[in-house]
Amino acid sequence: MPELPEVQTIVDQLNQQAIVGRTITAARVYWPKTIASPDPEQFCETITGLTARKLTRRGKFIVCQLSKGQTLLIHLRMSGRLNWTAKGNARNKHEHVILEIDQTHELRFQDTRKFGRLFLTQAPQTILGRLGPEPLDKTFTGRRFLSMLQRTRRQIKPLLLDQHFLAGLGNIYVDEALWAARIHPLRTSNTLTAAEAFALHRSIRQVLRKGIMNMGTSLGNGQGNFYSANNRPGKNADQLKVFRRTGRPCLRCGTTIVRRMVAQRSSHICTKCQQPPCDGKTPKKRTTA
DNA sequence: AGTCTGACCTGACTGC
DNA sequence: TGCAGTCAGGTCAGAC
């Protein structure tokens, strides 16, 4: 669930906790599969005693540069959270990794669905290097995006979800960006006009910036919902124009928003604002939620 | 080259 | 009230 704005929110808050300069004084792993590499025992042994040098984000990864050339990469996947807490508070059953900080605090990796992964590595580029450009980076220009779109003939929605193509977008912000740019999720990437590509480029950056400003999107109250490191939900849900608005009127034209499956992902579309491609293909119908 | 499926997991929700 | 079935914001490997 956490996409770029949610991950950025967590990174910003952990930086406010002044995590940089602090030392990991112990590590415990309760669900071994959470540690992608090295093996959990080696992970605990290596990370203990290391000091945080810098905390940043790349795509949906939280990147924590540590002393001795080590880097901790955290991917939250669907339901991962980081809890910052005083040492010694009772562990909840979904907290799978605990890093003790300066013997006084704990950074806990909580993950209900257990899809999230932690990597401790001296070569983070072997993982991060496979990611596409950062959508909010200065070098990600409209022209560059246009040329990226022209190099392939994939459906635009799964393409935008592909982290190797562009890093950081997930289902929510892709639906929002496509709606804002009036582009149907089934359009083939290389059929977008330059004007459409520029509009989509603009809308991607806008929805992400707004998501960050609102400190992420939280939907409902479930276990998998987004909560920041301070245990606060994001405020972006009210700002969503199309995602999970099935059956309600489009905020631009009043047409009823529909939900369709596109590349096995639920997609929310205004069929008037977002004209389907003219190749005769009809999207698979799906019951509305 | 692009698309699709299943796997990884638990909890929330729906319908009977 | 309880149970079974379905679905969910992500990513990857492997088959076609």
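Here is the naming used below: chain letters follow the sequence lines, and residue numbers restart at 1 for every chain.
- In this entry the distance linking CD of A:Glu6 with P of C:dG9 reads 13 Å, nearest Å.
- The six-membered or imidazole ring of A:His75 lies away from that of A:Phe119, with a centre-to-centre distance of 6.0 Å or more.
- Spacing between C:dG9 and B:dT14 at atom P, rounded to whole Å, works out to 16 Å.
- Taking atom CZ on A:Arg81 and atom P on B:dC9, their separation rounds to 21 Å, with Å as the unit.
- When both pairing distances are held under 3.5 Å, B:dA1 makes no Watson-Crick or G-U pair with any nucleotide shown.
- Rounded to the nearest Å, the gap between the P atom of B:dC9 and that of C:dA4 is 22 Å.
- Place A:Lys93 and A:Pro158 on DNA chain B by their nearest nucleotides, and A:Pro158 ends up nearer the 5' end.
- In this structure, the CG atom of A:Leu76 is 16 Å from the C1' atom of B:dC9, given to the nearest Å.
- Considering only side-chain atoms of A:Thr112, the nucleotide from B:dG11, B:dC9, C:dG9 that sits closest is B:dG11.
- The side chain of A:Lys114 contributes no N or O atom lying less than 4.0 Å from OP1 or OP2 of B:dC8.
- Pairing of B:dC13, defined by two Watson-Crick or G-U wobble distances under 3.5 Å, is identified with C:dG5.
- In the set B:dT5, C:dA8, C:dG9, B:dT5 carries the atom at the smallest distance from any side-chain atom of A:Gln264.
- For the 3.5 Å distance criterion, the side chains of A:Thr23 and A:Thr51 qualify, holding a donor opposite an acceptor.
- Across all strands shown, A:Arg153 has heavy atoms under 4.0 Å from sugar-phosphate atoms exclusively, and none from any base.
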Between the protein and nucleotides 11-13 of chain C, are there any N/O to N/O pairs under 3.5 Å, and if so, what are the atom names and distances?
{"residue": "C:dT11", "atom": "OP1", "partner": "A:His75", "partner atom": "NE2", "Å": "2.9"}
{"residue": "C:dT11", "atom": "OP2", "partner": "A:Lys60", "partner atom": "NZ", "Å": "2.9"}
{"residue": "C:dT11", "atom": "OP2", "partner": "A:Gln163", "partner atom": "NE2", "Å": "3.4"}

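- Straight-line distance from the CZ atom of A:Arg113 to the P atom of B:dT10: 10 Å, rounded to whole Å.
- Separating the CG atom of A:Leu186 from the P atom of B:dG2 is a distance of 16 Å, rounded to the nearest angstrom.
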Does the pair A:Asn171 and A:Glu3 meet the rule for a side-chain hydrogen bond (donor to acceptor under 3.5 Å, both in side chains), with working shown? CA-CA 8 Å; A:Asn171 212 26; A:Glu3 306 179 29; over 6 Å; no
With a cut-off of 3.5 Å and sequence neighbours excluded, list every side-chain donor-acceptor pair involving residues 249-256 of chain A.
{"residue": "A:Arg252", "atom": "NH1", "partner": "A:Trp179", "partner atom": "O", "Å": "3.1"}
{"residue": "A:Arg252", "atom": "NH2", "partner": "A:Trp179", "partner atom": "O", "Å": "2.8"}

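- Atom C1' of nucleotide B:dT3 and atom NZ of A:Lys157 are separated by 16 Å, given to the nearest angstrom.
- Closest to the side chain of A:Thr152, from the set C:dG9, B:dG2, B:dC9, is B:dG2.
- With no hydrogens or angles considered, a side-chain donor-acceptor pair links A:Gln110 and A:Asn92 at under 3.5 Å.
- Between the CD atom of A:Gln110 and the P atom of B:dT10 there is a distance of 14 Å, rounded to whole Å.
- Between A:Phe109 and A:His96, the ring centre distance reaches or exceeds 6.0 Å.
- For the OP1/OP2 pair of B:dT10 and a distance below 4.0 Å, the side-chain nitrogens and oxygens of A:Ser79 include no atom meeting the criterion.
- Ring stacking is absent between A:Phe115 and B:dC9, as the pair misses the limits of under 5.5 Å between centres and under 30 degrees between planes.
- A side-chain donor-acceptor contact under 3.5 Å links A:Arg57 and A:Gln8.
- Rounded to the nearest Å, the gap between the P atom of B:dA1 and that of C:dT11 is 23 Å.
- A:Asn225 places its CG atom 11 Å from the P atom of B:dA12, with the value rounded to the nearest Å.
- Contact between the side-chain N/O atoms of A:His96 and the OP1/OP2 oxygens of B:dC9 is not found at any separation under 4.0 Å.
- A donor-acceptor contact closer than 3.5 angstrom links the side chains of A:Arg151 and A:Ser147.
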